[in-house]
Amino acid sequence: MKQTLTYGSMALVAMLSIASCTQTVRELNPAVTPVSSLMTPDNNTSVRLEPGTPASVQFKWGPTQTAEGVLYEVAFDKVDGDFSKPFYKTVSDGLGVQPQLTLSHNDLKKIAALGGIAASSTGSVKWTVLASIALNRQMSTTTRILTMTRPAGFAELPDSLYLTGSATEGGEDVTKSIAFKKTEDGVFEAFTSLKAGTYYLTDRRTGSGKNYYVAKDTVREGNTPVTLTGATKTYRLRYDFNIATAQATEIQSVGLFMSAYNKEIGTLTYAGNGTWTAASIPVEFYPFSWGRDERYKFVMHTANGLAYLGSANVNNNSPAGAPASYFQVQSVSDAQWDNTYKFDPTADGKKVKVDLVLRANAPYTHQVTVLK
């Protein structure tokens with residue numbers, strides 16, 4: 001009986017296999033007709049590409065006459081090219097299904113650069129649409145010219161940035177280079193000192209990244225180091241790769257500003273590694289009729305004037321039990337009472353140690369320690 005059941009089961013499986021093999025299979029028709037109508041942008045449209053903008057350009061065309069299964073790509077080539085080797089291709093919106101493509105200004109900056117349009121200049125490229133099913137690809141029967149004006153910035157924005165060289169705090173060992181804080185796409189900031197020597201910028205700490213240098217307040221790609229002479233100075237360095245600008249603002253000192261007195265009650269000096277410190281500052285809360293006032297923030301003395309650092313909150317409570325975010329600092333206005341912190345009540349009539357920490361690897365912050 002057992003042997004009979006086994007043979008029967010095998011026969012049933014064979015019958016099911018034969019049945020499944022005889023099912024009707026619908027074949028994919030690989031024929032595809034080319035796109036015949038490009039809609040937007042119009043031929044010879046001019047676009048001024050703006051850095052850091054959410055603006056975009058939509059490319060639209062009439063769909064092919066093929067029923068389904070079409071993949072669309074937009075191809076870009078030089079004006080005198082024939083699209084046999086386009087310098088850039090990308091699938092349309094919806095993973096290649098929709099008869100349109102949306103490209104941001106940042107995307108178009110890259111395309112312009114690949115098409116030979118230099119920064120701060122105007123040039124043209126040619127575009128068309130490719131429609132394909134499987135291995136069958138058809139180029140549109142028409143093409144269009146797009147003229148673009150590139151801004152001064154870089155087409156490829158670095159995702160990270162480091163400062164290295166004999167003039168820097170980290171020295172010539174690139175693995176110890178000074179990291180920048182990325183404040184927005186393509187924009188980097190660092191608080192550090194520079195001394196006599198040379199320095200350059202790089203996007204990697206491995207020594208195999210892209211290198212940059214500064215010339216006439218612009219940042220440029222290349223291996224030319226910047227040479228400095230003279231005394232060591234502390235700076236706020238800011239590089240915007242969207243518009244290729246470089247700023248080095250000398251920081252002379254940082255003061256602890258107490259609102260009720262409307263003046264600085266102590267000075268912090270630069271201690272290296274993005275940190276300013278004051279070992280001992282006397283604190284005396286200001287006596288008003290309604291009570292004693294303990295509000296404070298920071299003022300940075302720079303070669304370009306005063307810059308205030310304080311709380312994101314216009315008003316704050318006592319720091320007792322407050323989270324670490326309470327002590328974070330950012331650029332604020334010079335309003336006497338706004339965006340201030342409050343000293344711990346035990347600081348009244350005592351001395352405090354103050355540290356202001358502006359480093360890339362964490363939120364900018366500060367610490368106040370009441371001394372015994």
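Keep in mind that what you see is a predicted model, and the values were worked out from it rather than measured.
In the model, Thr302 has no side-chain atom that pairs as donor or acceptor with a side-chain atom of Asn304 under 3.5 Å. If you check the side chains of Ser104 and Asn106, you find no donor sitting under 3.5 Å from an acceptor. Side-chain polar atoms of Asp173 and Thr175 form a donor-acceptor pair below 3.5 angstrom. Judged purely by distance below 3.5 Å, without hydrogens or angles, the side chains of Arg48 and Thr122 never pair a donor atom with an acceptor atom.
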task: Could you walk me through whether Thr245 and Val219 pass side-chain contact (heavy atoms from CB on, under 4.5 Å), step by step?
output: CA-CA 6 Å; Thr245 58; Val219 59; over 6 Å; no
message: Run Phe298 and Leu268 through side-chain contact (heavy atoms from CB on, under 4.5 Å) and show every step you take.
response: CA-CA 10 Å; Phe298 298 93; Leu268 287 72; 4.2 Å; yes
query: Could you walk me through whether Leu237 and Phe188 pass the side-chain contact (heavy atoms from CB on, under 4.5 Å) check?
result: CA-CA 8 Å; Leu237 301 177; Phe188 300 88; over 6 Å; no
message: If you apply the rule side-chain contact (heavy atoms from CB on, under 4.5 Å), what do you find for Thr128 with Met139, and how did you get there?
response: CA-CA 7 Å; Thr128 193; Met139 188 177 87; 3.8 Å; yes
- request: Please assess Asp203 against Ser160 for the test side chain to side chain donor-acceptor pair (under 3.5 Å), listing each intermediate value before the final yes or no.
  value: CA-CA 5 Å; Asp203 66 351; Ser160 56; over 6 Å; no
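A parallel orientation is assigned to the rings of Tyr296 and Phe343, their planes being inclined by less than 30° (bins at 30° and 60°). The aromatic rings of Phe241 and Phe154 lie tilted to each other, with the angle between the two planes from 30° to 60°.
With respect to Glu189, the side-chain hydrogen bond (donor to acceptor under 3.5 Å, both in side chains) criterion is satisfied by exactly one of Lys182, Arg236, Arg238: Arg236. With Phe191 as reference, Tyr364 is the one residue of Tyr235, Tyr364, Tyr270 to meet the ring-ring contact (aromatic ring centres under 6.0 Å, His included) rule. Among Asn316, Asn315, Asn317, the single residue meeting the side-chain hydrogen bond (donor to acceptor under 3.5 Å, both in side chains) criterion with Asn313 is Asn316.
How far NZ of Lys60 is from CG of Leu101: 12.0 Å, rounded to the nearest 0.5 Å. Here Thr249 contributes atom OG1 and Met300 contributes atom CE; the two are 10.0 Å apart, rounded to the nearest 0.5 Å.
Closest approach of Lys353 to Asp355, counting heavy atoms only: NZ-OD2, 2.7 Å. Closest of all the heavy-atom pairs between Gln98 and Tyr72 is O-CD1, 3.7 Å. Considering all non-hydrogen atoms of both residues, Arg292 and Pro287 come closest at NH1-CB, 3.9 Å. When every heavy atom of Ser124 is checked against every heavy atom of Ile145, the shortest pair comes out as CB-CG2, 3.8 Å.
No side-chain heavy atom of Asn361 sits under 4.5 Å from any side-chain heavy atom of Lys181.
For Ser132, there are no side chain to side chain donor-acceptor pair (under 3.5 Å) partners two or more places apart in sequence or in a different chain.
In this structure, Asp293 pairs ionically with Arg295, as a charged nitrogen and a carboxylate oxygen lie closer than 4.0 Å.
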Distance-only donor-acceptor pairs under 3.5 Å for side chains of residues 220-228, two or more places apart:
from: Arg220; atom 1: NE; to: Thr218; atom 2: OG1; distance (Å): 3.1
from: Asn223; atom 1: OD1; to: Asn211; atom 2: ND2; distance (Å): 2.8

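By the criterion of side-chain heavy atoms lying less than 4.5 angstrom apart, applied directly or through intervening Ile, Leu, Val, Met, Phe, Trp or Tyr residues, Val32 is grouped together with Val74 in one hydrophobic cluster.
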